[in-house]
A.B. asks: 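Would you mind keeping the following structure in view while I ask a few things?
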Amino acid sequence: MSQKRVFITADHGLSVVYFLQSDVVSTLLNAGVEVVLLTDDELTERISARFARPGLTVEGLRIKQAEYFYRHEHHDTQWWLNFLCRAGGSRRINTEAMDAYIRQVRVEQRSFRRRTMYVPMRGLVEVLRRSSSARKALVQVQKRFTPNLYADLFDRYKPDMVIANTPGWRIDRYLLREAAQRGIPNTAAIVGWDNPSSYAIPGAPVQDVTCWSEKQKDELVLGADWPPERVNVSGIPSYDGYIRREWLIPRADYFKLHHLDPDRKLIAYACSFETFSPNIQNIEALERMINGDQFSAPAQLLIRLHPNHYMRAWPYIAAEREAIFQLEKEFPHIHVVSPVPLGGSLGYYSGEDMDEKSSMMAYADVFITVYSTMVVETTIHDRPVVSACIDAPGGGWNIPGKFSLALSEIGNWPTHQRFREAGAGRVAFDESGLREAVNAYLENPKLDADNRRAFVEQEITFTDGSAGRRTGEYLLSLL
């Protein structure tokens with residue numbers, strides 16, 4: 001292969017894990033491909049120093065300039081185009097997650113202009129969901145919003161391909177549009193488990209995509225008209241480190257780190273779904289059961305806060321964070337761990353604490369969450385999983401003007417449905433059901449083990465730690 005060069009975008013902390021903390025970039029570099037990684041401008045020096053290798057260059061993605069263009073150049077038009085892309089996926093797939101987003105937009109719009117536009121835009125969603133031609137036309141319409149922020153980078157590096165962490169669902173859309181304008185091939189990597197079912201139509205012309213599984217491939221092909229031959233299944237590189245047990249802290253050290261009692265069973269809880277519902281009711285139920293000795297063995301609770309607990313835009317979620325810390329102060333067998341921020345716009349979604357996450361899952365006697373991606377990650381560690389869906393009073397946040405969902409109503413979202421149908425874990429809708437599920441796993445940790453293994457194979461495809469290499473080799477084949 002003659003000397004090739006690619007751009008890779010990483011505008012999300014999970015993308016840094018996907019590309020740099022796996023074998024993806026190293027596979028490209030080892031084949032002699034030069035990689036220019038575009039990420040948060042505030043973090044370029046830090047990421048460059050941490051992952052330094054010959055052939056790897058780190059540049060800024062100019063996120064602030066891209067956001068300025070979005071806010072000031074026909075903002076309402078761009079906003080509605082993004083809405084249509086996210087909501088307009090074909091009805092050939094499960095649209096429950098997209099439907100919830102549509103309801104959220106209807107409830108939370110305070111602008112008179114947006115409220116007025118909602119009805120015709122909702123009608124356009126129905127057209128998109130029934131028409132492949134309309135969906136393809138939407139991709140083309142968006143090209144008019146190409147700010148040409150990266151002309152100097154394209155001229156300097158002359159990349160042979162752009163590889164993005166989404167097909168233009170995030171701020172990467174502007175880079176992808178500029179690449180398309182220059183005739184440079186675009187490729188997308190699906191980084192998130194629920195991305196193909198929560199988003200839909202690409203925000204820019206993208207020719208190829210690589211994803212986790214045949215399930216995701218179906219969502220891309222049926223939901224957003226990707227040609228099957230342009231959709232590659234190579235697993236999820238971010239999880240290779242789990243499979244190879246590269247990130248595990250020794251159990252004794254991990255328990256000491258969090259002041260855990262090695263003689264008590266460890267119940268781990270990962271907060272999730274806070275955008276739509278509080279989690280505190282699940283946590284308080286667990287606290288009552290632990291302190292009331294209602295489990296079949298003495299237990300302790302380790303709670304992992306969600307990145308959303310640190311988002312300034314959602315003060316009510318931050319208030320839940322403080323309530324959880326207060327429980328830790330009041331009860332000796334409750335402990336809290338916070339995600340570690342990477343910084344900049346990548347925030348608390350980062351790969352800075354993969355050792356923490358991996359160890360929490362590996363040493364949990366029972367792992368509890370609300371259908372989060374960590375149900376997949378935990379089944380990789382072969383630990384029992386319970387999805388706790390106890391409804392908060394009023395169903396959700398119960399805040400005027402804030403869209404909420406009762407946890408009991410979300411079981412048919414695509415990824416949630418697959419978890420349930422696979423029998424990979426238990427679902428609890430009330431305190432007694434949660435107690436029953438946890439006790440069943442404490443008494444028999446191998447319960448549902450076969451279903452867990454089948455679920456992992458269904459969702460990530462390759463369970464031998466080879467996804468990063470396979471993804472890198474696929475990208476090389478495109479070059």
A.B. asks: Check the pair E421 / Q458 against side chain to side chain contact (heavy atoms under 4.5 Å, CB included), numbers first and verdict last.
C.D. replies: CA-CA 12 Å; E421 290 179 346; Q458 170 184 286; over 6 Å; no

A.B. asks: Would you name the heavy atoms of I201 and V139 that are closest together and state the gap between them?
C.D. replies: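 That closest heavy-atom pairing would be CG2-CG2, 3.6 Å.
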
A.B. asks: Is the CZ atom of R245 crowded by more than 12 outside heavy atoms at less than 6.0 Å?
C.D. replies: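 No.
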
A.B. asks: Tell me whether K64 is salt-bridged to E42, with the criterion being a basic N under 4.0 Å from an acidic carboxylate O.
C.D. replies: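 Here K64 pairs with E42 in a salt bridge, since their nearest N and O are under 4.0 Å apart.
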
A.B. asks: Nearest 0.5 Å, please: how far is CD in E59 from CG in L38?
C.D. replies: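 CD of E59 is found 6.5 Å from CG of L38.
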
A.B. asks: Against the six-membered ring of Y70, is R173 placed for a cation-pi contact (under 6.0 Å from the centre, within 45° of the normal)?
C.D. replies: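 Ring-cation test returns yes.
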
A.B. asks: So does R113 have more than 12 non-hydrogen atoms from other groups sitting under 6.0 Å from CZ?
C.D. replies: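 Incorrect, the count does not exceed 12.
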
A.B. asks: Under the side chain to side chain contact (heavy atoms under 4.5 Å, CB included) rule, what do L14 and S238 come out as? Steps first, then yes or no, please.
C.D. replies: CA-CA 8 Å; L14 296 180; S238 310; 6.0 Å; no

A.B. asks: Going by distance alone, is a donor N or O of one side chain under 3.5 Å from an acceptor N or O of the other, for S132 and D225?
C.D. replies: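 There is such a pair between these side chains.
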
A.B. asks: CZ/F429 to OG/S387 distance, rounded to the nearest 0.5 angstrom?
C.D. replies: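 With rounding to 0.5 Å, CZ (F429) is 8.0 Å from OG (S387).
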
A.B. asks: Hey, are the side chains of V370 and Y269 touching, using non-hydrogen atoms and a 4.5 Å cut-off?
C.D. replies: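 Yes, at least one pair of side-chain atoms sits under 4.5 Å.
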
A.B. asks: Once the angle between the rings of W79 and F83 is folded into 0 to 90°, is it parallel (under 30°), tilted (30 to 60°) or perpendicular (over 60°)?
C.D. replies: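 Judged by the thresholds at 30° and 60°, the geometry between W79 and F83 is parallel.
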
A.B. asks: Taking the basic N atoms (NZ, or NE/NH1/NH2) and the acidic carboxylate oxygens, is any pair closer than 4.0 Å for R5 and D160?
C.D. replies: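 Between D160 and R5 there is no salt bridge, as every charged N stays at least 4.0 Å from the carboxylate O atoms.
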
A.B. asks: Do NZ/NE/NH1/NH2 and the carboxylate oxygens of E126 and R122 come within less than 4.0 Å?
C.D. replies: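 The answer is yes: the pair qualifies as a salt bridge.
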
A.B. asks: So that I can tick it off, tell me whether R129 and D99 are bridged by a salt bridge, with the cut-off set at under 4.0 angstrom between side-chain N and carboxylate O.
C.D. replies: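 Looking at R129 together with D99, the answer is yes, because their closest N to O distance falls below 4.0 Å.
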
A.B. asks: Under 6.0 Å from the CD atom of E45, do we count more than 12 heavy atoms belonging to anything else shown?
C.D. replies: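 Count not over threshold, so no.
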
A.B. asks: Taking all non-hydrogen atoms of both residues into account, name the closest pair between P339 and P307 and its distance.
C.D. replies: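 Taking P339 first and P307 second, the nearest heavy atoms are CG-N, 4.1 Å.
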
A.B. asks: Say you draw a straight line from CG of D353 to OG of S359; how long is it, rounded to the nearest 0.5 Å?
C.D. replies: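 Rounded to the nearest 0.5 Å, the CG-OG separation comes out at 10.0 Å.
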
A.B. asks: Taking the basic N atoms (NZ, or NE/NH1/NH2) and the acidic carboxylate oxygens, is any pair closer than 4.0 Å for K4 and E34?
C.D. replies: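 Salt bridge flag = no for E34 with K4.
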
A.B. asks: Which heavy-atom pair separates M121 from L84 by the least distance, and what is that distance?
C.D. replies: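 For M121 versus L84, the nearest heavy atoms are O-CD2, 3.8 Å.
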
A.B. asks: Any ion pair linking R418 and E219 (charged N to carboxylate O, less than 4.0 Å)?
C.D. replies: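 Here E219 pairs with R418 in a salt bridge, since their nearest N and O are under 4.0 Å apart.
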
A.B. asks: side-chain hydrogen bond (donor to acceptor under 3.5 Å, both in side chains) for N30 and R53? Distances and angles first, verdict last.
C.D. replies: CA-CA 10 Å; N30 291 342; R53 271 196 62 177; 2.7 Å; yes

A.B. asks: When you look at W413 and Y371, which way does the ring-ring contact (aromatic ring centres under 6.0 Å, His included) test go after all the steps?
C.D. replies: CA-CA 10 Å; W413 285 37; Y371 292 122; 9.3 Å; no

A.B. asks: We want to know whether S197 and N94 form a side-chain donor-acceptor pair, criterion being a heavy-atom distance below 3.5 angstrom.
C.D. replies: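 No, because no side-chain N or O of S197 sits under 3.5 Å from a partner of the opposite role on N94.
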
A.B. asks: Without hydrogens or angle criteria, can the side chains of D464 and S466 be said to hold a donor-acceptor pair below 3.5 Å?
C.D. replies: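 Yes, because at least one side-chain N or O of D464 sits under 3.5 Å from a partner of the opposite role on S466.
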
A.B. asks: Does the pair R426/D448 count as a salt bridge with the N-to-O cut at 4.0 Å?
C.D. replies: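 Yes, R426 and D448 are salt-bridged.
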
A.B. asks: Any salt bridge linking D218 with K215? Criterion: basic side-chain nitrogen under 4.0 Å from a carboxylate oxygen.
C.D. replies: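 Here D218 does not pair with K215 in a salt bridge, since their nearest N and O are not under 4.0 Å apart.
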
A.B. asks: Distance from S272 atom OG to I368 atom CD1, nearest 0.5 Å?
C.D. replies: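 The distance works out to 13.5 Å.
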
A.B. asks: Please lay out, stage by stage, how I8 and V25 fare under the test side chain to side chain contact (heavy atoms under 4.5 Å, CB included).
C.D. replies: CA-CA 9 Å; I8 293 179; V25 164; 4.0 Å; yes

A.B. asks: Report yes if the distance between the aromatic ring centroids of W193 and F419 is under 6.0 Å, otherwise no.
C.D. replies: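 No, the ring of W193 stays outside the 6.0 Å limit from the ring of F419, centre to centre.
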
A.B. asks: Can you tell me if OH on Y316 sees more than 12 non-hydrogen neighbours from other groups inside 6.0 Å?
C.D. replies: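 Enclosed: over 12 neighbouring heavy atoms sit under 6.0 Å from OH of Y316.
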
A.B. asks: Is Y199 atom OH crowded by more than 12 heavy atoms from other residues, nucleotides or ligands, each under 6.0 Å away?
C.D. replies: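 No - once you tally the heavy atoms of other residues, nucleotides and ligands closer than 6.0 Å, there are 12 at most.
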
A.B. asks: Can you say whether the rings of Y150 and F154 are parallel (under 30°), tilted (30 to 60°) or perpendicular (over 60°)?
C.D. replies: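 Plane angle over 60°, so perpendicular.
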
A.B. asks: May I ask you to check if R321 and Y310 form a cation-pi contact, with NZ or CZ under 6.0 angstrom from the six-membered ring centre and within 45° of the axis?
C.D. replies: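 Yes; both conditions hold, so R321 lies above the ring face of Y310.
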
